[in-house]
Amino acid sequence: MRVISKRLFIGVDIEKTEILETLVNVRDELASYGVQKPVSGKNMHINLKFLGNVSVRETEKIKKRLEKVKHPCFTTQIKGISWFPEVEY
């Protein structure tokens with residue numbers, strides 16, 4: 001029997017336009033170095049946790065738990081970038 005799963009992560013949306021525009025510029029510069037599959041601006045986010053392959057049943061449990069999470073806005077600093085799969089240049 002085949003178990004259907006999805007690759008999941010927990011992320012935070014980026015709502016400030018000026019931050020998003022800066023990140024889009026960084027994305028475009030990375031593309032000039034051959035970084036593949038760039039994320040569209042509307043899908044950019046900050047990953048908090050990569051969960052890996054998760055079954056559909058577990059996905060629903062995680063979704064219900066996360067819907068209960070309430071947290072006020074916060075500020076942060078970006079000190080680096082990474083991507084996967086990791087490629088050496």
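With respect to the salt-bridge test (charged N to carboxylate O, under 4.0 angstrom), the residues Lys64 and Glu67 do not qualify.
In this structure, OG1 in Thr75 is found 9.0 Å from NZ in Lys16, a value given to the nearest 0.5 Å. Taking CG from Asn43 and CD1 from Ile14, the interatomic distance works out to 11.0 Å, rounded to the nearest 0.5 Å. With rounding to the nearest 0.5 angstrom, the CZ atom of Phe50 is 11.5 Å from the CD1 atom of Ile10. Here the NZ atom belonging to Lys6 is positioned 11.5 Å from the CD1 atom belonging to Ile62, to the nearest 0.5 angstrom. Atom CD1 of residue Ile78 and atom OG1 of residue Thr22 lie 8.5 Å apart, to the nearest 0.5 angstrom. Rounding to the nearest 0.5 Å gives a distance of 10.0 Å between CG of Asn25 and CG of Leu20.
Residues Thr76 and Val12 have side chains not in contact (no heavy-atom distance under 4.5 Å, counting atoms from C-beta outward).
Closest of all the heavy-atom pairs between Asn53 and Ser5 is CB-OG, 3.9 Å.
Within a 6.0 Å sphere centred on CD of Glu18, other residues, nucleotides and ligands contribute more than 12 heavy atoms. Atom CG of Leu66 has more than 12 heavy atoms from other residues, nucleotides or ligands within 6.0 Å.
In the hydrophobic clustering of ILVMFWY residues, with side-chain heavy atoms under 4.5 Å counting as a link, Leu51 and Ile4 come out apart.
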